[in-house]
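Each chain gets a letter, A, B and so on, in the order the sequences are listed, and its residues count up from 1. For clarity, every value in this text was computed on a predicted model and none was experimentally measured.
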Amino acid sequence: MESRYNPAAVEGKIREFWEKNQTFKFDENSSSEVFSIDTPPPTVSGDIHMGHVFSYSQAEFIARYKRMRGFNVFYPFGLDNNGLPTEILIEKKFDTTAEKLGRDKFVELVRKEIGSYNAAYVELWKMLGLSVDWSLLYQTISPDVQKVSQKSFLELNKIGRVYRKEAPALFCPKDKTTVSQMELKDKMLKSKILYLKFSDDVTIATTRPELLPSCVAIFVSPEDEKHNGLVGKEVAVPIFGNRVKVIADRRVDPAFGTGVVMCCTFGDQTDIEWYKAYNLELKIIIDEKGRMNHPYYNGIKIKEAREKIIGDLKEKGYVIKEQEIEHSVNVHERCDTEIEFIVKKQWYIRYLDLKEKFLELGNSVKWYPGHMKVRYENWVRGLQWDWSISRQRYFGVYFPIWYCKNCGEPIFADEKDLPVDPFVDKPHENCSCGSSEFEPEMDIMDTWATSSLTPEINARWGIDGKYVKKILPMSLRAQAHDIITFWAFNTIVKSYFHMNQIPWKTIIINGHGLDPKGNSMHKSLGNVILPDAYLKKYGADALRYWASSSLLGEDNSFQEKDVITGSRLINKLWNLSRFVEMNCKEFDSSKSASVIDAWIMGRLDRTIEEATIRFDEYDYFNARFKVEELFWGFANDYLEFVKDRVYNKDLKAAYTIKFVLFKVLKMLSPFMPFVAEEIYQQVFATDQKFLESVGEKHRSIHSGGWPNRIDVNAADGKRGELAVDAIIGIRKKKHDTGIALNEALSKAVIYKKYQEGLVGSLDEVKESMRVREIVFDGEGEESEIVKGIEK
RNA sequence: GGAGGUAUUGUCUAAUGGUAGGACGUCACCCUUACACGGUGAAGGCCUGGGUUCGAUUCCCUGUACCUCCACCA
């Protein structure tokens, strides 16, 4: 072995070794129980940062553990490269927009460009040592996945779960697309609130004066005595002069503004509720390009419209008061643009009637940590809308639909033709009205409509179906907590509709990797930390060590020192292995009589038990913690105590060291797979005699052989503990009196009460600390063992 | 406004109904034939206020702070 561990060189070599041996290949013919893992396909929209490293590593520890436990692990990977994020990526790169290029050219450009991003992504994940079966790689934009997604849509249509409806939709004027509830965030914005005089007794405070032409009613609170008298009357809208009714509704807060609200179609969600509840008129004044289409404005932009009408209102004396306020508004999370409402025909998935069912399904999945289920339940209970899946964008999965140019009827594609591109393909038959002229559905599907199908995609449902029976429901879903409400939820929805079962038996929810100050990493904050430099400097194992440094579900800030700690552990493991290579070539695997050997074996046994229990609960952190605890005791105490025995050709001590290292290496290998594999190959794989003694037969350390409990002599182990305490006591005395640890002592004095307990292990204590004679004298304090030492 | 989570030394993070372990940093000592990318040792901590208990950092309640999600914001 090299005297120094070189992660960069070793990791490359080991990756090749795994690839050549197909170590992580899912074995289709195996009779072993399958463990299938559903992992998030990362959005291909920018760089992979430490946050990704953090969460993906955590699922990976489980994959490696399960594989070693003998499961036939199905561990696929996906790339989410359709939809808006991908479009924005390419638009930025070429400083253009889809609108400028036109649909066809734009889609072609994205398709061409996306390949290089994919490759870079996969490369980095490989560098990090994800034990994925890369032959199972999927992309959400691939024809196969489009097929699955379109099939899902057709199936939902068959069972009456999709419908098309003209409905108010959240709309982003900048991206020119409808967005879902999920894509909104709050933002504090400075704004003006105007107090507008509608009549002598009606003054309305509004931040959206430009919506005045779409004012269809006025609302007051039923408890508002000041304005109660107005209910039922009609009031004229300033400038436009049309008369609108005053209605009482409890959604009005009499204390806000003037206590009187105008309802415009639409300014916010309450407007929509009122519109529905009171069957109000619909006045659309913002078009799909985000421009005002009311004649008064003549096609100008929303912000310009606001300026224009404020000027007009002031001029005509309608403005009583004007205030600067700061209020939070709904903005599109990707571009920070204020959200508008438009009315449009959209495809929806109808599921509001199934809340109870979804709660029940959520209950049949095991959640780790358990409290994450509550978030899911809150989301389901609070659902108010069906799922809108239409997006007015270009690059994504197309709806498999055409509309008859004559009668407008939608024509659904045939399942056997999937995937279809409605812009290129045509229906096989004429419309029932006789027309043969069709136009394609212009919209694409919401990306979640596709990524909610990852279990079905992995199972190749609708492709060749080859894994449907083998892997569904999947054993495990791993994801972060921020997308419980859509990814986890929507996946459950789709699995229920298509498979009538839960998508996975267990879900683990990881936290976020944060920046060193504890803030989440965002490009806009400029605090994104990329793994590349750290990967180069410390290696993948050390980064993975950081990723395993907090409990499942907890956030953890990235600290370089944690990576350094990981590389210290790696270094120690390496050097200890070198010791074994140099000194433990010869060994005797028969039972040792040493109580100190029994002590370390006892600790090893307990560690195996605990690490196994922890891992089975997806508590990788404490599994690692227990093993590490044992390892440092093994390296700094046990090895130091028995070194002299090994130098003096004690072959049983040599075997004990080799044995413990072997088991520790196995248990650390899910966390630091590269160095573990390298040591396994160099020290153990070629040692036939040792492999036979432990019954090991795996080519790779990761292929199997998670340690089983070992047979230990508990009584000897207990005596060993006292001997170790005595040794540590002498070591401390040596330190306190300034005697070097390797210096010989003529005598050590141990308190009398320990005499009995040390019968049979005195020689080992003497040998470890190089003491010629041990005598017993004195009573001593509670926890003290050693009274004194003499040179 | 609602829901969930978190609060441990200078920093990051565990465990625990009987005053807390590790890492980095700090200090002291040691180049002991695997490792100075090392070893031995030291100093340093349980957010506030209640309650349960013989005893609480740990359980319960309250407050405060922070994080996440949801709703609202005329």
Visitor: For the side chain of A:E640 and the base of B:rA34, is some donor closer than 3.5 Å to an acceptor across the two?
Guide: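 It does, because a donor-acceptor pair links the side chain of A:E640 to the base of B:rA34 below 3.5 Å.
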
Visitor: Return the pairing partner of B:rC24 with a 3.5 Å limit on both distances, Watson-Crick or G-U wobble; otherwise return none.
Guide: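 Across all strands, the one nucleotide that pairs with B:rC24 is B:rG10.
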
Visitor: Give one of base, sugar-phosphate or nothing for A:N636, where a contact means two heavy atoms less than 4.0 Å apart.
Guide: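 Here A:N636 touches the backbone only, sparing every base.
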
Visitor: Select from A:N378 and A:D644 the residue whose nearest nucleotide in RNA chain B is closer to the 5' end of that strand.
Guide: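 Checking each residue's closest nucleotide, the 5'-ward one belongs to A:N378.
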
Visitor: Counting any heavy atom closer than 4.0 Å, what does A:N519 reach on the DNA or RNA strands: base, sugar-phosphate only, or nothing?
Guide: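 Here A:N519 touches no strand at all.
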
Visitor: Looking across every strand, which nucleic acid part, if any, lies under 4.0 Å from A:W632 by heavy atom: base, sugar-phosphate, or nothing?
Guide: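 Sugar-phosphate, backbone atoms only, no base.
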
Visitor: Expressed as a whole number of Å, how far does the P atom of B:rC35 sit from that of B:rC29?
Guide: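 It works out to 24 Å between them.
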
Visitor: Please classify the nucleic acid contact of A:F621 as base, sugar-phosphate, or nothing, using heavy-atom distances under 4.0 Å.
Guide: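 Sugar-phosphate contact only.
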
Visitor: Rounded to whole angstrom, note down the P distance from B:rU9 over to B:rG21.
Guide: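 Approximately 14 Å lies between the P atom of B:rU9 and that of B:rG21.
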
Visitor: Which whole number of Å gives the distance between the C1' atom of B:rA43 and that of B:rG1?
Guide: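 Straight-line distance between the two C1' atoms is 48 Å.
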
Visitor: Using the C1' atom as the reference point in each nucleotide, state the distance between B:rU62 and B:rU48 in Å, no decimals.
Guide: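 Going atom to atom, C1' in each nucleotide, I get 10 Å.
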
Visitor: Going by the angle between their ring planes, with limits at 30° and 60°, are A:F625 and A:F621 parallel, tilted or perpendicular?
Guide: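 Geometry flag for A:F621 against A:F625: parallel rings.
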
Visitor: For nucleotides B:rG25 and B:rU68, find the distance between their C1' atoms and express it as a whole number of Å.
Guide: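 The same atom, C1', in both gives a distance of 31 Å.
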
Visitor: Are A:Y647 and the base of B:rU33 stacked, counting only ring centres nearer than 5.5 Å and planes tilted under 30°?
Guide: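 It does: the two rings, one from A:Y647 and one from B:rU33, meet the stacking criterion.
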
Visitor: Please work out if A:H371 contacts a base, only the sugar-phosphate, or nothing of the nucleic acid, heavy-atom cut-off 4.0 Å.
Guide: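 Sugar-phosphate contact only.
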
Visitor: Across the strands shown, which category fits A:K643 at heavy-atom distances under 4.0 angstrom: base, sugar-phosphate, nothing?
Guide: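 The residue A:K643 makes base contact.
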
Visitor: Roughly how many Å apart are B:rU6 and B:rU13, using the C1' atom of each and rounding to a whole number?
Guide: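 Pairwise C1' distance, B:rU13 against B:rU6, rounds to 13 Å.
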
Visitor: Do the side-chain N and O atoms of A:S549 and A:R624 include a donor-acceptor pair separated by under 3.5 angstrom?
Guide: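 Distance-only check passes for A:S549 and A:R624.
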
Visitor: In terms of the nearest nucleotide of RNA chain B, which residue is placed more toward the 5' end: A:A635 or A:S557?
Guide: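 Nearer the 5' end of the strand: A:S557.
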
Visitor: Can you tell me if A:R578 and A:N575 form a side-chain donor-acceptor pair at under 3.5 Å?
Guide: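 Note: A:R578 and A:N575 side chains meet the donor-acceptor criterion.
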
Visitor: Remember a base hit wins even if backbone is also touched, and classify A:V252 as base, sugar-phosphate or nothing at under 4.0 Å, heavy atoms.
Guide: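 Touches a base.
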
Visitor: What nucleic acid atoms does A:L551 come within less than 4.0 Å of, heavy atoms only: base, sugar-phosphate, or nothing?
Guide: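 The answer is sugar-phosphate, as A:L551 gets under 4.0 Å only of primed atoms, P, OP1 or OP2.
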
Visitor: Mind checking the C1' distance from B:rG44 to B:rG49? Whole angstroms is fine.
Guide: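 Going atom to atom, C1' in each nucleotide, I get 26 Å.
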
Visitor: Indicate whether any N or O donor in one side chain lies under 3.5 Å from an N or O acceptor in the other, for A:Y538 and A:E560.
Guide: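 Per modelled atom types, A:Y538 and A:E560 side chains form a pair under 3.5 Å.
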
